[in-house]
Protein chains: 2
Amino acid sequence: MEISRELVRTGSPKYVALANALAEQIRTTLAIGDPLPTERELQAGFGVSRDTVRRAIARLAAAGLVFNVQGSGTYVADPAQIRKGPRLTGFSQDMAERGLRASSRTLDCRIEPCPADTARALGVAEGSGVLLLRRLRLADQAPMALETARLLPGLFGDGLPDPEGSLDTQLAEHGQRIMRASQTITATNLTATEAHLLDQPVGAAALRVDRVGFTDRGRAIEATETLYRGDRYGYETAVERDPS
Amino acid sequence: MEISRELVRTGSPKYVALANALAEQIRTTLAIGDPLPTERELQAGFGVSRDTVRRAIARLAAAGLVFNVQGSGTYVADPAQIRKGPRLTGFSQDMAERGLRASSRTLDCRIEPCPADTARALGVAEGSGVLLLRRLRLADQAPMALETARLLPGLFGDGLPDPEGSLDTQLAEHGQRIMRASQTITATNLTATEAHLLDQPVGAAALRVDRVGFTDRGRAIEATETLYRGDRYGYETAVERDPS
DNA sequence: TATTGATATTGGTACGGACAAATCATCGAA
DNA sequence: TTCGATGATTTGTCCGTACCAATATCAATA
């Protein structure tokens, strides 16, 4: 493997720059199963410490690009097989990655008393006012999902969000970034109302995703229930074994 | 926070032992939002290097137990809100964690030609012989899921696996451990045959999980399709934002 | 009182070294 | 040829040090 000896750092830490450089070289010059240069070779080649090399490789391993074998080396993983784990995305980005154009039709946008289960998830008192946003989500103009979001009040200053835009983006503009979320995925048959909105036959199978979003401080700020059309949507995820 | 000064190491690395010790003390003596001792305090208290302390804390952070704030400290996260990510488990263990007793009824167990899509997932030639294992999975005696597994031949020496036992356990006994898997989750309506086996009405919504299991070397050895009853099963997962 | 600015504290990055554990290549013996 | 021992190689763990970046604290100032 050819080793470039200069790292481009645009404000990011050195190990991130090194990881990017390695990822690029893996894409361009290495095949699946090929070994990377040894850590000490990389250390010498890039003129960095082994600690930095190991951090960079750990980053690639976490992304599923490579895997380590103690005593042997570090090897390029199969990108077709090792899919990336589920990333936290909004609907728009999710659709974009599937090559679909996302749009939405707002069904409801107002302050309403919080139901019990949502209140528990958000850590607020039952019946206290939360922002309700109900939207029909379209992909390439055709109905894809029915989304009911409840957010803590005051996240958008005093006003309401723009129902047409990406919630995630608007939250970020107000200094609130959802860094992690917990989801429960179930299957359900559509009711008549839901089926009509989604342009599906009554009783059709739908994927129901209940999501609670947290900031990096662990504060729950958003609870969303989404009904995806079973015939159009699949949820991809990667799981790993417990360290044991 | 009280700091114990002795670490119990049962073969595991020091940072793992420290992480366990910290997790225990967090459970017993700290509340949500409380700050951990500073890294330098822990370093002195346990008599280890700061590197070891940081590794231990990184482990806890990855598990969602704590979170870091640069310049401020490390704080205890809310365990009720931050659920653990999905772990790679077999059906038996999955049910056990839900407090249900798993059993199974074998519907089919033989060698058969591999269909095209599975062949691609497993990286073998289409039509080559793979081990087919079809089982009805029961939880507390009631049908829960319909599982169709295809495995590379020869994983169990020359014979077939015991259809009643845990596949995962039997694989491990033959030196094959599935370390990661990629899954696609969809919703579907049950056919008449499937519905009958699962004791559900025809057309009931079911959660379909297509899983491909890989060894730590990235080799695919198992492809499983599982139909879970929509009224009994939910899939829980945690997602995180991309590092960006 | 409110704001600013200096200073200390805390986690984040980076360097260096040493040894352990797993693996691999080699060589010798059976 | 086959098997096993041996030593070299490679990743994993652990230690120590130094400095950077973000945050918190508090005194000085307007």
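Please read these numbers as outputs of a predicted model, since none were measured by experiment. Every chain is numbered from 1 and lettered A, B, ... according to where its sequence line falls, protein lines coming before strand lines.
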Is any side-chain N or O of [X] closer than 4.0 Å to OP1 or OP2 of [N]?
{"X": "A:Y15", "N": "C:dT13", "value": "yes"}
{"X": "B:T38", "N": "C:dT9", "value": "no"}
{"X": "B:N68", "N": "C:dG12", "value": "yes"}
{"X": "B:K14", "N": "D:dC15", "value": "yes"}
{"X": "A:R54", "N": "D:dG12", "value": "yes"}

Relative to the 5' end of DNA chain C, which residue comes earlier, A:Y75 or A:D51, by the nucleotide with the nearest heavy atom?
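Result of the comparison: A:D51.
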Checking side-chain contact (heavy atoms from CB on, under 4.5 Å) against A:Y235, which of B:T184, B:V209, B:T237 comes through?
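Looking at B:T184, B:V209, B:T237, the match for A:Y235 under the side-chain contact (heavy atoms from CB on, under 4.5 Å) is B:T237.
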Whole angstrom value for the distance that separates [atom2] of [N] from [atom1] of [X]:
{"X": "A:L42", "N": "D:dT10", "atom1": "CG", "atom2": "P", "result": "11 Å"}
{"X": "B:I57", "N": "C:dT10", "atom1": "CD1", "atom2": "P", "result": "12 Å"}
{"X": "A:F67", "N": "D:dG12", "atom1": "CZ", "atom2": "P", "result": "12 Å"}
{"X": "B:L36", "N": "C:dT10", "atom1": "CG", "atom2": "P", "result": "13 Å"}
{"X": "A:E41", "N": "D:dA8", "atom1": "CD", "atom2": "C1'", "result": "15 Å"}

Salt bridge flag under 4.0 Å for residues [X] and [Y]:
{"X": "B:E39", "Y": "B:R54", "value": "yes"}
{"X": "A:E222", "Y": "A:R211", "value": "yes"}
{"X": "B:E112", "Y": "B:R150", "value": "yes"}

Can you tell me how far the CD atom of B:E147 sits from the OG1 atom of B:T226, to the nearest 0.5 Å?
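Atom-to-atom, B:E147:CD and B:T226:OG1 are 4.5 Å apart.
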As an exercise, state the distance from CG of B:L22 to CG of B:L42, rounded to the nearest 0.5 Å.
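The distance works out to 5.5 Å.
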Could you write out each protein N or O paired with an N or O of nucleotides 17-22 of chain D at a distance under 3.5 Å?
{"from": "D:dA21", "atom 1": "N3", "to": "B:Q70", "atom 2": "NE2", "distance (Å)": "3.2"}

With distance as the sole criterion, is a donor-acceptor pair present between the side chains of B:Y15 and B:S12 under 3.5 Å?
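There is no such pair (donor and acceptor under 3.5 Å, judged by atom type) between the side chains of B:Y15 and B:S12.
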